[in-house]
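Step one of this worksheet: look at the structure below.
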Amino acid sequence: MITSEQIRAARAILKMTVAELSVASKVGVATIKRIEAVNGIPPAHGKTIDQITQAMNLAGIEFIGTPHDRPGVRLNK
């Protein structure tokens, strides 16, 4: 599981807009905005988070840590 902060950080590293992440992950813009609006573990279905995670992984992002132990992101390009 990843946190909303990790998603925001990953988008910032990639200079990716919410719209671009929406296309890459096949998750709606409104859903991504709702996920990013909170802190901590996002209020979303596991499948939705998996789609976002996979899109970010394909773009070169590695999510590190856990939500409770040093969550972060790393660029693997």
Next item on the list: Is it possible for you to say whether Ile32 and Val38 belong to one hydrophobic cluster, with membership spreading through side-chain heavy-atom contacts below 4.5 Å?
Entry: no

Note to self: Can you tell me how far apart OG1 (Thr17) and CZ (Arg11) are? Round to the nearest 0.5 Å.
What the structure shows: 7.0 Å

Margin query: How long is the straight-line distance from OG1 of Thr31 back to NZ of Lys33, given to the nearest 0.5 Å?
Written below: 11.0 Å

Next item on the list: Identify, with sequence neighbours excluded, every residue that meets salt bridge (Lys or Arg N to Asp or Glu O under 4.0 Å) alongside Arg34.
Entry: none

Next item on the list: Nearest 0.5 Å please: distance from the CD1 atom of Ile2 over to the CD1 atom of Ile49.
Entry: 5.5 Å

Checklist line | Shortest non-hydrogen contact between Pro67 and Ile41, atoms and distance | finding: CB-CG1, 3.8 Å

Check: Which atom pair, heavy atoms only, marks the closest approach of Met16 to Glu20?
Finding: CA-OE1, 3.3 Å

Notebook entry, point to check: Atom OG1 of Thr53 and atom CD of Gln51: how far apart are they, to the nearest 0.5 Å?
Noted result: 10.0 Å

Margin query: Is any side-chain heavy atom of Val73 closer than 4.5 Å to one of Arg8?
Written below: no

Check: Does the side chain of Leu75 reach to within under 4.5 Å of the side chain of Leu14, using non-hydrogen atoms?
Finding: yes

Next item on the list: Quick one: closest heavy-atom pair of Ser4 and Ile35, and the distance?
Entry: OG-O, 2.6 Å

Note to self: For residues Met56 and Val29: do they belong to one hydrophobic cluster (side chain heavy atoms under 4.5 Å, members Ile, Leu, Val, Met, Phe, Trp, Tyr)?
What the structure shows: yes

Next item on the list: Taking all heavy atoms of Val18 and all of Glu36, pick out the closest pair and write down the distance.
Entry: CG2-OE1, 4.1 Å

Check: Considering all heavy atoms of both residues, which atom of Thr3 and which atom of Pro42 are nearest to each other, and what is their separation?
Finding: CA-CD, 4.1 Å

Note to self: Grouping I, L, V, M, F, W and Y whenever their side-chain heavy atoms are under 4.5 Å apart, do Ile61 and Met1 come out in a common cluster?
What the structure shows: yes

Next item on the list: Answer whether the closest heavy-atom distance between the side chains of Leu21 and Val27 falls below 4.5 Å.
Entry: no

Notebook entry, point to check: Has the side chain of Gln6 got a donor or acceptor atom that lies under 3.5 Å from a matching backbone atom of Ile64?
Noted result: yes

